[in-house]
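Structure, as structure tokens:
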Number of protein chains: 2
Amino acid sequence: MQSIVEIYFVIFTIYMRGKKRTTIYDIAEKLNITASSVSRALNNSSYVNEATKKLILKTAEELNYKRNTLASNLRKGQTKTIGVVVPRINQNFFSNVIAGIEEATYQKNYNLIICQSNESHEKEIKCVNTLINQHVDCIVISVSVDSNDYQHLQNVLDQGIQLIQFDRVADELETLKVINDNEQASFEAVCHMIEQGYKKIALLEGPQNLNIFRQRKEGYLNALKKYNMPIREEFIIANAWTKELGAEATRKLLSLTDLPDAIFASTSDFSALGVLEVANDLAIKVPSELGICGYSNEAFTEITSPSITTIDQFSVYMGKTVANLYFQEMENNDTVVIPKIISIKPKLMVRGSTLKNS
Amino acid sequence: MQSIVEIYFVIFTIYMRGKKRTTIYDIAEKLNITASSVSRALNNSSYVNEATKKLILKTAEELNYKRNTLASNLRKGQTKTIGVVVPRINQNFFSNVIAGIEEATYQKNYNLIICQSNESHEKEIKCVNTLINQHVDCIVISVSVDSNDYQHLQNVLDQGIQLIQFDRVADELETLKVINDNEQASFEAVCHMIEQGYKKIALLEGPQNLNIFRQRKEGYLNALKKYNMPIREEFIIANAWTKELGAEATRKLLSLTDLPDAIFASTSDFSALGVLEVANDLAIKVPSELGICGYSNEAFTEITSPSITTIDQFSVYMGKTVANLYFQEMENNDTVVIPKIISIKPKLMVRGSTLKNS
DNA sequence: TAAATTTCGACAATCGATTGCAATTTGAAA
DNA sequence: TTTCAAATTGCAATCGATTGTCGAAATTTA
């Protein structure tokens with residue numbers, strides 16, 4: 001019995017392989033009318049007799065007609081597609097942003113083409129070019145870590161394609177932008193730590209060519225300044241943005257003669273996790289002997305012991321904002337396009353790892 | 001100064017808005033040749049003089065020409081695009097699979113269109129139809145939890161589009177499939193727990209219309225059978241596949257007169273986390289008084305205390321496998337298409353939460 | 001030098017849907 | 001019954017790239 005079904009399947013597949021899809025011409029021919037009428041009926045345009053319209057729709061259904069979006073898009077000059085380029089699809093923050101974008105675009109019947117740059121400038125350029133070739137209506141991008149020039153983004157604008165940058169943005173390009181107020185968030189985080197009684201706060205910073213890491217450092221410095229605390233170069237560790245690098249930086253910091261009593265892992269929760277693990281290994285008590293603050297509000301920060309204080313970026317909301325910004329700009333495209341920046345205020349999530357006072 | 005730059009930008013934008021992109025006809029006109037030659041040159045086809053080819057490429061560069069993929073695809077009848085439908089983009093397992101697919105497809109110069117069904121059958125149908133309209137070459141899908149019929153997938157096949165199911169698959173549809181050997185993995189996990197000395201193992205099961213959850217239950221039952229342990233209906237809790245439902249199920253289990261001494265959260269690590277939290281609340285010691293095993297190897301399972309025993313599904317690898325399966329099938333499409341199933345063997349990750357003996 | 005091959009590039013059709021304009025039909029008013 | 005406007009439908013061009021066919025030019029061979 002099983003084998004019969006299989007054979008049938010195989011024949012069926014072969015049969016279908018070469019078969020052409022039904023087009024509006026097939027429908028027109030069958031009904032002895034022209035393709036234009038069919039098109040009008042399918043697009044629910046006026047100027048089609050109600051009776052014939054019904055007939056056309058019924059026939060389309062019968063023949064299992066599916067519109068060829070390629071042809072339609074080619075003719076209409078728009079694809080109702082948004083291209084997204086992110087460093088890594090499977091990084092929590094980005095997959096959440098994408099989910100947010102998807103949610104908003106789905107409602108408007110838009111499609112999403114997704115690429116990941118893998119933090120490579122070269123691949124990022126290729127992705128962008130592909131999206132241009134695909135004639136997407138809009139490109140949404142968060143630049144990769146080793147991006148240094150932005151000719152490829154300028155290209156997007158030159159081709160008349162809307163460009164929205166989010167999170168990691170090239171400041172010098174005047175485009176629509178959706179960003180987090182990293183500076184303010186960092187400032188608040190460090191202020192919170194100071195208020196908890198930490199006096200020697202170290203910073204794990206990320207690659208400074210990315211605006212977000214510059215801003216987070218700025219916030220850190222501002223907080224120190226506000227409380228008249230000295231800035232110590234040896235407490236600022238560059239390029240500590242993975243768990244391993246965070247751990248390494250921590251070992252370095254904890255081998256100083258004058259130890260820090262808190263570490264602000266401004267790069268990510270992963271580096272904060274690295275800090276926590278090293279502290280645990282060295283039997284240094286968190287938060288009493290060492291305070292730890294991360295960045296991003298990854299799910300795991302809630303369940304470590306102690307739980308990790310961090311900063312929530314409202315990533316899904318950010319995605320929705322990006323998409324809606326585009327739709328908004330589309331709707332009043334009659335007037336002038338003015339570069340617009342939307343800044344989202346992240347939220348400090350105070351947890352066990354910085355609660356020295358309680 | 002600032003405002004001058006802005007004004008310039010605005011003018012520039014408006015100017016670009018209405019501008020047509022350069023086409024092969026523009027290039028042809030400029031060089032006084034025909035579009036066909038331009039096309040051939042750009043496609044690196046033979047039968048173009050080396051000198052003119054160079055000239056064409058140079059001119060294309062100068063005019064900032066970008067190929068219109070829509071037109072090209074329409075003509076060629078293939079889009080070099082793969083459509084992916086998953087329940088949730090930002091769920092770890094799926095975002096990893098997508099990353100894997102992306103990696104493999106990028107190398108072959110294929111594009112990815114991504115949709116999420118949000119676990120809704122209705123939305124899943126819409127996604128699939130969109131992808132059909134887009135004339136994607138292949139659709140990759142993991143069905144949503146409330147899928148009950150598969151007419152929309154049959155449709156994909158009817159349109160002559162390659163269909164690959166992964167992880168959550170409709171058994172009755174004969175398509176290419178990439179799955180995990182859930183039954184075997186569950187079997188091993190439960191055997192491991194029994195060998196650790198647990199005698200009364202409860203099961204948190206997922207919606208049984210999904211094949212993966214049926215298989216995991218089967219593995220659980222087989223392990224009990226192997227060790228001649230009784231199957232107790234009250235130890236099997238249906239539909240416990242979120243953290244909250246896992247916690248709720250645990251409270252229910254721990255209020256029985258005859259308590260289980262281990263819980264296999266076959267649905268996810270999140271439900272295992274729920275179990276762990278309830279155990280902690282009730283001051284029940286893990287693993288000595290209660291063993292816990294999850295499923296999926298989420299990042300956080302490593303950092304809970306105790307860390308959670310779980311099952312790794314090699315999600316990124318799974319994505320690559322899916323994509324490569326497609327390319328492989330493409331390459332030998334001269335012969336018959338035979339439904340093919342690739343089964344990946346997941347790996348039991350033994351951690352603290354089940355190590356009763358040590 | 002004449003004949004036979006290659007090489008090169010032009011021509012025109014094609015992919016499928018859309019749309020401005022023209023032609024036809026319908027129905028109502030005169 | 002005639003006239004006129006409105007409602008339908010048809011015609012044909014268009015979107016941009018690709019490709020089979022064929023003639024002209026260049027090159028090789030006899």
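Below, chains carry the letters A, B, ... as their sequence lines are ordered, and counting in each starts from 1.
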Query - Value in whole Å for how far the P atom of D:dG16 lies from NE2 of A:His135 - result: 8 Å

If you restrict it to nitrogen or oxygen atoms, what contacts under 3.5 Å exist between nucleotides 23-25 of chain C and the protein, and what is each distance?
none

**Report entry** Residue pairs passing the salt bridge (charged side-chain N to carboxylate O under 4.0 Å, His left out) test where at least one lies in residues 107-125 of chain A, sequence neighbours excluded
**Finding:** A:Lys108-A:Glu331, A:Glu119-A:Arg168, A:Lys123-B:Glu102

Query - Non-neighbouring partners of B:Lys126 that pass side chain to side chain contact (heavy atoms under 4.5 Å, CB included), sequence neighbours left out - result: A:Tyr106

Listing time: all N or O pairs from protein to nucleotides 17-21 of chain D that are below 3.5 Å?
{"unit_1": "D:dA17", "atom_1": "OP1", "unit_2": "B:Tyr65", "atom_2": "OH", "d": "2.5"}
{"unit_1": "D:dA17", "atom_1": "OP1", "unit_2": "B:Asn68", "atom_2": "N", "d": "3.4"}
{"unit_1": "D:dA17", "atom_1": "OP2", "unit_2": "B:Ile24", "atom_2": "N", "d": "2.6"}
{"unit_1": "D:dA17", "atom_1": "N7", "unit_2": "B:Tyr25", "atom_2": "OH", "d": "2.9"}
{"unit_1": "D:dA17", "atom_1": "N6", "unit_2": "B:Tyr25", "atom_2": "OH", "d": "3.4"}
{"unit_1": "D:dT18", "atom_1": "OP1", "unit_2": "B:Arg67", "atom_2": "NE", "d": "3.2"}
{"unit_1": "D:dT18", "atom_1": "OP1", "unit_2": "B:Arg67", "atom_2": "NH2", "d": "3.4"}
{"unit_1": "D:dT18", "atom_1": "OP1", "unit_2": "B:Ser72", "atom_2": "OG", "d": "3.4"}
{"unit_1": "D:dT18", "atom_1": "OP2", "unit_2": "B:Ser39", "atom_2": "OG", "d": "2.9"}
{"unit_1": "D:dT18", "atom_1": "OP2", "unit_2": "B:Asn43", "atom_2": "ND2", "d": "2.9"}
{"unit_1": "D:dT18", "atom_1": "O2", "unit_2": "B:Arg75", "atom_2": "NH1", "d": "2.1"}
{"unit_1": "D:dG20", "atom_1": "O6", "unit_2": "B:Arg40", "atom_2": "NH2", "d": "2.9"}

Report summary line: Here the distance between atom C1' of C:dG9 and atom CG of B:Leu55, to the nearest Å, is 14 Å

Query - For A:His135, ring-ring contact (aromatic ring centres under 6.0 Å, His included) partners two or more places apart - result: none

Query raised in the report: Bend angle of the helix from C:dT1-D:dA30 to C:dA30-D:dT1 from five-pair axes at both ends, rounded to 10°?
Result: 50°

**Report entry** Minimum heavy-atom distance A:Thr105-A:Ala323, with the two atoms named
**Finding:** CG2-CB, 4.1 Å

Query raised in the report: Base, sugar-phosphate, or nothing for B:Ile33, non-hydrogen atoms under 4.0 angstrom?
Result: sugar-phosphate

Query raised in the report: Does B:Asp167 use its side chain to pair, donor to acceptor, with the backbone of B:Ile179 at less than 3.5 Å?
Result: no

Query raised in the report: With no hydrogens and no angle check, do the side chains of B:Arg21 and B:Asn68 hold a donor and an acceptor under 3.5 Å apart?
Result: no

Query raised in the report: Are B:Glu62 and B:Lys58 close enough for a salt bridge, meaning some N to O gap below 4.0 Å?
Result: yes

Query raised in the report: Closer than 4.0 Å, any side-chain N/O of B:Thr52 to the OP1 or OP2 of C:dG9?
Result: yes

**Report entry** CD/A:Gln78: more than 12 non-hydrogen atoms of other groups inside 6.0 Å
**Finding:** yes

Report summary line: B:Asn49 atom CG is separated from C:dA10 atom P, nearest whole Å, by 12 Å

Requested in this report: Step through the shown structure and confirm whether more than 12 heavy atoms of other residues, nucleotides or ligands are within 6.0 Å of CD on A:Glu61.
Outcome: no

Query raised in the report: Which whole-number value in Å describes the distance from B:Leu31 CG to C:dC8 C1'?
Result: 15 Å

**Report entry** Heavy atoms from other residues, nucleotides or ligands near OH of A:Tyr317 exceed 12 (cutoff 6.0 Å)
**Finding:** no

